[in-house]
Structures are given as structure tokens and as C-alpha cells.
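These notes concern the structure reproduced below.
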Number of protein chains: 2
Amino acid sequence: MKVNLRHIRYFLALADELNFRRASEFLHISQPALTRTIQDLEAGLAVRLFDRAQNFVRLTDAGRVFREGGRRVMNGLEATIDLTRRVSIGEAGALRVGYTDFAISGELPELLKQFHHKHPGITVRPHHGVTAVQLDELKDDKLDIGFVTGPVRQAGFHSRVVQTDRPICIVPEGHRLAARRSVMLADLAEEDFVHGPADAWAHFYDYLFPLCRKAGFQPNIVQEAFNSVGILGLVSCGMGITILTESTYNFATGGLVPLAITDIADAMVTEAIWASENLRMPTRHFVDFLDERARPEAWNPRT
Amino acid sequence: MKVNLRHIRYFLALADELNFRRASEFLHISQPALTRTIQDLEAGLAVRLFDRAQNFVRLTDAGRVFREGGRRVMNGLEATIDLTRRVSIGEAGALRVGYTDFAISGELPELLKQFHHKHPGITVRPHHGVTAVQLDELKDDKLDIGFVTGPVRQAGFHSRVVQTDRPICIVPEGHRLAARRSVMLADLAEEDFVHGPADAWAHFYDYLFPLCRKAGFQPNIVQEAFNSVGILGLVSCGMGITILTESTYNFATGGLVPLAITDIADAMVTEAIWASENLRMPTRHFVDFLDERARPEAWNPRT
DNA sequence: CTTTCATGATACCTATTATGCATCAAAAAC
DNA sequence: GTTTTTGATGCATAATAGGTATCATGAAAG
């Protein structure tokens, strides 16, 4: 005879009550059914679990050990079922997120923070990788969501733009260009520039500096600040001008004037991308999260 | 529908094989039975555990979680059943052993060491206590075996003598008394004594010193050694004589002469004692162990 | 392109197992 | 003594698990 969860459930009830009738009522079965189940269990284990008489029922030493173990088994199973259910509806699980340098220095940290707040049961596992590598990993189901520099127009992927980084020029109020709405790159050739942190912003400057060279100049860096807020601060007190991205300008306070740069056509786009088929639940939740997040705030329209 | 160990067993087999027919063969059931059991399980959990097609079967994310949990449950149950069985036959468990100061400074440590060697699964839990307290604890089933100073002649207890401590006088070879077989206490009134460690041997000296007083003297302590071997060493190099117990004399090397003391009638007896009814398995094993130990070595006859 | 083979699912019947009811024997309560 | 309460047992029934035959589908072989 094989031991069953039924045996354990009944045993635990009896071990708590130490009375067949009361335990059987608790279990909503008849007393004889309980008696025989306990007999079956004891026979199956070849172990006497209860000392019983008409007068009293009490656990043997072995019974006490089995009670502890039985409780652990039942609790473990309950926890397992619960976790399994949560994973199946995507309330728990892991989301493997790839990111480029550019993504991680942009919106991604905040995005992941918000996602974690909405789905605290989902563990985000970040993996660094350049765009091409991430696409391969997505195809091989080694990654759920990639944050890559786009736009990617490749079959088998869906994506949402999460960050469009159009460069703008920022000058202090009172600057000679401050009255204009827009400039061309060549207009900035003689200006002093405030520079962002070279390492974290490498992607941006790799993109920007060739454009400047094409416009015929090399930016004259006079100050370097630790982050975008620092850059904007230096600009606002007249140390120079800067070229940053739209999204970075969101952090700006007063005293600054943004100018479009008319001869830079392409924005730098960072998009969340995923393989179209067999979406895992955490991935679905992430996509839904992105869409919900986009809608009310008019953040970025869908691709 | 309720989840059963059967469901888990079948699930784990299928999770290993990822093929219904092979898994069903492994389980010695038909393939349709397995199919339906998995369906029942998935319905019971309201969770899809396998992605399946005619072509392949593979675990879902939730299935992977359930596999881990299911394995834990099965292993836990197996371990529990095993431990329960071992406890029921007394191969595992705990033995609550009481001891007096006198017992612990005598044979008890060696005895427990040998018992542990014979029954490594039984954990010995030592509790210090004087004889009267131990007897109460035995009655209240707070203790399995007591090591008490006997003889106890009380209904409801069984016992075995494990240690008879008859005091003997030990003198160095060449001493004025060395030619004799026995002495009386009064013969030792003028001797220099080597003394044992006062704390550990308190029981012994509480017993001996009144006898000396009755014989008309107070022993003249000239040296104190750390343990019995030390005492015997000091005696053998002529520092004095000593009164020890027979069992302690077993440690003696050469150069020493033991003398019976004719006017001390009562030996100090230490006995293992237990309540006669409802012996727990570890207690039985300990009693058997004592009896086996007594027989071949003619150590101490039964009470 | 058709045939064959292997897969998992379904229908239907049987064997096994669990349960309830009625009842028993023993001890405690009255 | 009688009644009540305890756990155990016998027997019939209901629920569950299992087996056989068969289907539908897709892949491989011809």
C-alpha cells in the first residue's frame, strides 16, 4: 500500500484532535473511514503512529516525527501550488532583460523600477549586450525583452519605442542664440561646450561628434559635468552651451532655452523588443506595462 | 479536484521523460491513464504545466516551478517516512539521560560513548540532576534513563548497577603499610593524603570524610592533583597515600599497592534506572546495551 | 503525393479504493 | 446497573483509477 496525501491529511487532523470522532467531523467524513485510513497508513508504513485505547489516543514517538514531517510536506506542497499558480498567471517569475549602454543610462532604470513596483513578484534579470547580440539571444529564447538601439525592422520581433533621443541645443537665457527657435550645427562651431560624462554617454557622443565633424568643426569642450543635471546647471550659469537629448532636457529647471537643430534628421531611438511568438507571462506583463505607461502620459506613441 | 501524490509522481515522471508513452511505461501504467492524470492535475491546479503537441512535450514556466516543488515534496516525504520507520524501531530518536555528579565523573562518559557508537542514530540528551529529582522526572516521563546513586528500591523502577565504588587505600611500594592486605581507617590517621579535585569529586568526599571523622581523624591533605591519574602519580612518587575507589584504581600503573579498608561496609553504588512501563525504543536499546555490555566482560552482575 | 509510423487524446468498460451506515466491544460516567 | 462515549468491524455503495480500443494529427519514409 502506498502512502497518500489523503493519509497524511487525515493523520494530521487526528494528531491534532487525538480523538477519532472529532477528527472525522473536522474532515467531514465518518469515523469508521478515518479509523480505516489510519490503519491503512500504519500498515503501509509498518509503523504504529498512535497508542490508542477506548480511553485515549496519543502519538507514539514515531507518530510525533511523522507529524512534523507530514506538516512540512503539506506546507511545502501548498507553497509549491501557490507559487506555480502565481507563475502561471505571471504574478511571479523572472524576466530576462537585455540592455545597451545607451538604454541603461537613459530611461531603463526608472522603467524597471516602475515595473517592479507594479509586479513585485517578477524578478528582473538584467543582461548587458549590444543590439546584435540581444537579437540573437531573443531568437534563442535566452532573453525575454531587449532594450536595443533601433529602429529594428526584422521579421519575428515586436517592439515599442521607449526613448527617442533627438539632439537639441541648450543655451542660457540672454545667449546670442536664445531668441531663435532653431539652429544649424554649423552655427555652433565657435561656441564653448559643456560636456557630459564621457563613459556613460559614449553612445551619444559616438553618434553626435561625427555629425559635428561633417558640419566642419570639433566641439570646444570647456567644462565637463558629472551628469545631465550638472551640465544644465553649468549652462544656466553661463559656462557654455550644450547639445543634449530631448529626454534629458526634461530635467531642466529655469534659465535655459532649448533650440532644435535643423540639420540633424535622425533621432536616436531606443526600443524595447521581443520575439513575437510564445510570449512568457512576465514578458506579456512587461509589454502591457509599456503600453499602459505610454497611453495616459502621451509618453511615446506605439511603433 | 484535489492534488494527490499520485499526480505528482506521474507529473515528475513525465517532466523527466517529456513523452507520455515512455513515462507511462516507466510508471507501469497505460498511456491514456497518464494523459488523464496529467489533465486532472492541470485542471486541479488550473495551470497548464506542459506545452504539448503531437510532436513534442515540454514544460511551461509554471511546470518547471512545479517540478522543483514536487521533487522537494517527494524527497521530503520519503525522508520523513524513513525517519519515522527508523524512530519506530529505535534506530533513530532521542534518549534523555539524567546523571549525578558522581556518575558523570565515573563510567558514564565512556558508557555513553560506547552506546553512541552502537546506536549512532540515537541522540543522547544529558540532564544533570540529583537522585531524587531524577526519580521524579522518570515518573513524569521527563527522563528515559537516570544515573543515580543507589541502591534505589522503589516500586515501578528497574535498574542495573553500572558502578560500585568501594573505597580502597592506595600506598606506594615500600610504604610502612605496603605489606598488609587491608587496613582500618584509624590506621591512616597520621598519614599524609593526596587529594582529588574537590569539585568533581564532591560526592565521593561527602561520603568519605564523615567516615574518617567517625574513625577519629581529619585527613591531612598535603597535595591536590587534577584527576585520578595525577593522584596515583603523586602517590607512587611518595608524596603521600590516598583513598580512592576500586574503579578509579583501574587506571593505576606500577609502584602502587591497593589495600582494602575493612571498616567501610557500604560501597557507593551508581545505577542506571528507568520506569518499568512503556519503555520507549531508545530506552530498550539502552537497557539491552547495558546487559550485553555486562555479560562478556563480567563487569557487574545484574541487580 | 501517398503511406506509414508515432504521438497524445477520447470513449467506454472494469477493477480498485474510499466512504457511509449499522453495529460491536470495552470503558467511563451517571 | 444503565447510559454514554470510545475506537473497531462488516457490508453495500459511490467515487476513482486503470486498461483496451480507437481517433486525429503531424512527421518521416517511400
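Fair warning: this is a prediction, and the values are worked out from it, not measured in the lab.
- The distance from atom CG of B/Leu34 to atom C1' of C/dA9 is 12 Å, rounded to the nearest whole Å.
- For A/Ile38 and D/dA8, the CD1 to P distance is 9 Å, given to the nearest whole Å.
- Here salt bridge (charged side-chain N to carboxylate O under 4.0 Å, His left out) pairs that include residues 114-125 of chain A, with residues two or more places apart or in two chains, are A/Lys118-A/Glu292.
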Polar pairs (N or O, both sides) under 3.5 Å between protein and nucleotides 18-20 of chain D?
{"unit_1": "D/dG18", "atom_1": "OP1", "unit_2": "B/Tyr10", "atom_2": "OH", "d": "2.7"}
{"unit_1": "D/dG18", "atom_1": "OP2", "unit_2": "B/Arg6", "atom_2": "NE", "d": "3.0"}
{"unit_1": "D/dG18", "atom_1": "OP2", "unit_2": "B/Arg6", "atom_2": "NH2", "d": "3.3"}
{"unit_1": "D/dG19", "atom_1": "OP2", "unit_2": "B/Ser30", "atom_2": "N", "d": "2.7"}
{"unit_1": "D/dG19", "atom_1": "OP2", "unit_2": "B/Ser30", "atom_2": "OG", "d": "3.2"}
{"unit_1": "D/dG19", "atom_1": "O6", "unit_2": "B/Arg36", "atom_2": "NH2", "d": "3.0"}

Side-chain donor-acceptor contacts of residues 77-95 of chain B below 3.5 Å, not counting sequence neighbours, with atom names and distances?
{"unit_1": "B/Thr80", "atom_1": "OG1", "unit_2": "B/Gly76", "atom_2": "O", "d": "2.9"}
{"unit_1": "B/Thr84", "atom_1": "OG1", "unit_2": "B/Thr80", "atom_2": "O", "d": "2.7"}
{"unit_1": "B/Arg85", "atom_1": "NE", "unit_2": "A/Leu45", "atom_2": "O", "d": "2.8"}
{"unit_1": "B/Arg85", "atom_1": "NH2", "unit_2": "A/Gly44", "atom_2": "O", "d": "3.4"}
{"unit_1": "B/Arg86", "atom_1": "NH1", "unit_2": "B/Glu91", "atom_2": "OE2", "d": "2.7"}
{"unit_1": "B/Ser88", "atom_1": "OG", "unit_2": "B/Arg85", "atom_2": "O", "d": "2.8"}

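- Atom CZ in B/Phe50 sits roughly 15 Å away from atom C1' in C/dA9 (whole-Å rounding).
- As a whole-Å value, the separation of B/Glu25 CD from C/dG8 P is 11 Å.
- Sorted by first then second residue, the ring-ring contact (aromatic ring centres under 6.0 Å, His included) pairs that include residues 34-80 of chain B, not counting sequence neighbours, are B/Phe11-B/Phe50, B/Phe11-B/Phe66.
- Counting to the nearest Å, the C1' atom of C/dG8 and the CD atom of B/Glu42 are 12 Å from each other.
- Legend: salt bridge (charged side-chain N to carboxylate O under 4.0 Å, His left out) pairs involving residues 18-36 of chain A, not counting sequence neighbours, sorted by first then second residue: A/Glu17-A/Arg22, A/Arg21-A/Glu25.
- Note on B/Thr35: every side-chain N or O is 4.0 Å or more away from OP1 and OP2 of C/dG8.
- Residues that satisfy the ring-ring contact (aromatic ring centres under 6.0 Å, His included) test with B/Phe157, not counting sequence neighbours, are absent from this structure.
- The side chain to side chain donor-acceptor pair (under 3.5 Å) check on A/Arg48 picks up nothing, with sequence neighbours excluded.
- Residue B/Arg52 places no side-chain N or O under 4.0 Å from the OP1 or OP2 atom of C/dG8.
- If you take CG of A/Asn4 and P of C/dA18, they are 7 Å apart, rounded to a whole angstrom.
- The distance between atom CG of B/Leu27 and atom P of C/dG8, rounded to the nearest whole Å, is 13 Å.
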Checklist entry - What's the verdict on ring-ring contact (aromatic ring centres under 6.0 Å, His included) for A/Phe115 and A/His119, showing C-alpha distance, side-chain angles and the deciding distance? => result CA-CA 6 Å; A/Phe115 180 70; A/His119 297 283; 5.0 Å; yes
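- When the C1' atom of D/dT5 is taken as reference, atom CZ of A/Arg22 falls 11 Å away, rounded to whole Å.
- Here A/Asp136 pairs with nothing under the salt bridge (charged side-chain N to carboxylate O under 4.0 Å, His left out) rule; sequence neighbours left out.
- The line from NE2 of A/His285 to CG of A/Asp144 is 12.5 Å long, rounded to the nearest 0.5 Å.
- For the OP1/OP2 pair of C/dT10 and a distance below 4.0 Å, the side-chain nitrogens and oxygens of B/Gln39 include at least one atom meeting the criterion.
- In this structure, the side chain to side chain donor-acceptor pair (under 3.5 Å) partners of A/Thr35, at least two apart in sequence or on a different chain, are A/Gln31.
- Residue pairs meeting the salt bridge (charged side-chain N to carboxylate O under 4.0 Å, His left out) criterion with at least one partner in residues 50-62 of chain B, sequence neighbours excluded, are A/Arg280-B/Asp61, B/Glu42-B/Arg52, B/Asp51-B/Arg58, B/Asp61-B/Arg64.
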Using atom names, set out every protein N or O paired with an N or O of nucleotides 27-30 of chain C below 3.5 Å, distance rounded to 0.1 Å.
{"unit_1": "C/dA28", "atom_1": "OP1", "unit_2": "A/Asn55", "atom_2": "ND2", "d": "3.1"}

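- Less than 4.0 Å separates DNA chain C from at least one heavy atom of each of the following residues of residues 12-20 of chain B: B/Asn19, B/Phe20.
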